[in-house]
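Below you'll find the structure, written out as structure tokens, and then a few comments.
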Amino acid sequence: WLSPHPIKSDYPISAIITALEIQEGQKVADVGSGDGRLTFPIAKHVGRQGRVFAVDLSDMDKFTVNMKSGFGRWYPQVTAVTGKIDDPLLPANTMDVVLMVISYHEMTDYQAMLAGVLKAMKPGARLGIIDVPGSRFTNRAAYSGDHFIPKEVVIEDATAAGFRYLRAVDPASPPGSFYFVIFEKAE
């Protein structure tokens, strides 16, 4: 699991952009951005009038994202954020789209994180979660250690946090490799 995850390296970013209806000029948060593999294609899509917040827990990932953006010269619309385990530290009521790719299963304080994401989103904004399916456990901590989480658990968590479930999207990967679920912040 230490090597780049296939969805973060060869998944068609255009499919994510289309499914989440990301538009030029929008504000998007890539929560669990790592080194920014998805951040920069999304930044190119939203253009200089948009903004992409690359959120991760690691100061090293923040530094890497800042380096790749030319410290604002090449991608001035990218802002690297060192979030907290229970808060993405995003500005309130600003995000049009929040994306979590192969990161939700790592969130041990998922309720607080989802509350922070919800707070950051505008009414009608979309949340996309792509993760790896697996068996259901009674011990929530097992998902982080095994690097997967069942789709049903994600849907339960997000709806309990106040999101409205919209749909599951075919992730265009080998069957069973990933799932992609989309939610909306109620207006």
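When a residue number appears, it is its place in the shown sequence, counting from 1.
- With respect to Asp96, the side chain to side chain donor-acceptor pair (under 3.5 Å) criterion is satisfied by exactly one of Arg51, Lys27, Arg126, Lys122: Lys122.
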Quiz item: Where do Phe178 and Ile102 land on the side chain to side chain contact (heavy atoms under 4.5 Å, CB included) test, with the steps shown first?
Solution: CA-CA 9 Å; Phe178 308 103; Ile102 316 299; 3.7 Å; yes
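- In this structure, Ala29 and Leu90 approach most closely via the heavy-atom pair CB-CD1, 3.6 Å.
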Without placing hydrogens or testing angles, list every side-chain donor-acceptor pair under 3.5 Å for residues 17-25, not counting sequence neighbours.
unit_1: Thr18; atom_1: OG1; unit_2: Ser14; atom_2: O; d: 2.9
unit_1: Gln23; atom_1: NE2; unit_2: Glu21; atom_2: O; d: 3.3

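- Between Ile149 and Tyr104, the closest side-chain pair of non-hydrogen atoms falls below 4.5 Å.
- Between the side chain of Ser33 and the main chain of Gly36, no donor-acceptor pair closer than 3.5 Å is present.
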Quiz item: Stepwise, does the salt bridge (charged side-chain N to carboxylate O under 4.0 Å, His left out) test hold for Lys151 with Glu156?
Solution: CA-CA 9 Å; Lys151 176 172 67 175; Glu156 290 167 10; over 6 Å; no
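- Contact annotation: the side chain of Leu99 never approaches that of Val31 to less than 4.5 Å [non-hydrogen atoms, C-beta and beyond].
- Contact between Val78 and Ala43 at its shortest, heavy atoms only, is CG2-CB, 3.5 Å.
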Quiz item: Would Arg164 and Thr159 satisfy side chain to side chain contact (heavy atoms under 4.5 Å, CB included), going step by step from the backbone distance to the final call?
Solution: CA-CA 6 Å; Arg164 180 175 38 234; Thr159 55; over 6 Å; no
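- Taking 4.5 Å as the limit, some side-chain heavy atom of Arg136 sits within range of a side-chain heavy atom of Tyr143.
- Follow the hydrophobic side-chain contacts under 4.5 Å out from Ile85 and you never reach Leu89; the two are in separate clusters.
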Practice problem: I would like to know whether Gln26 and His45 meet side chain to side chain contact (heavy atoms under 4.5 Å, CB included); could you show each step before the answer? | Solution: CA-CA 9 Å; Gln26 287 189 319; His45 185 79; over 6 Å; no
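- For the atom pair OG of Ser103 and CG of Leu57, the computed distance is 9.5 Å after rounding to the nearest 0.5 Å.
- In this structure, the side chains of Phe53 and Pro91 come closer than 4.5 Å at one or more pairs of heavy atoms.
- With a 4.5 Å cut-off on side-chain heavy atoms, Met113 and Asp86 do not count as touching.
- Counting heavy atoms from C-beta outward, Tyr179 and Pro133 have side chains that approach closer than 4.5 Å.
- Rounded to the nearest 0.5 Å, atoms CE (Met121) and CG (Asn93) are 10.5 Å apart.
- In this structure, Arg48 has no side chain to side chain donor-acceptor pair (under 3.5 Å) partners at least two apart in sequence or on a different chain.
- Of all the heavy atoms in Gly32 and Asp56, the pair that sits closest is C-OD2, 3.3 Å.
- Between Asp35 and Lys68, at least one side-chain nitrogen of the basic residue sits less than 4.0 Å from a carboxylate oxygen of the acidic one, meeting the salt-bridge criterion.
- Looking at heavy atoms from C-beta onward, Phe183 lies in side-chain contact with Ile129 at the 4.5 angstrom threshold.
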Exercise. Start with the C-alpha gap between Lys62 and Val81, add the side-chain angles, then the distance that decides, and say whether side chain to side chain contact (heavy atoms under 4.5 Å, CB included) holds.
Key: CA-CA 6 Å; Lys62 180 178 178 180; Val81 178; over 6 Å; no
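- Exactly one residue among Ile130, Asp131, Val117 makes a side-chain contact (heavy atoms from CB on, under 4.5 Å) with Met100. That residue is Val117.
- Asn66 and Ala80 get closest at one heavy-atom pair: OD1-CB, 3.7 Å.
- Here CG of Asp61 is found 8.5 Å from OG1 of Thr82. Values are rounded to the nearest 0.5 Å.
- At least one side-chain heavy atom of Ser69 sits under 4.5 Å from a side-chain heavy atom of Phe40.
- Atoms CZ and CD, from Phe163 and Glu184 in turn, are 10.5 Å apart once rounded to the nearest 0.5 Å.
- Scanning all heavy atoms of the two residues, the minimum distance from Gly134 to Pro150 falls at O-CG, 3.2 Å.
- In this structure, Phe148 and Phe137 have tilted ring planes: the angle between them lies in the 30° to 60° band.
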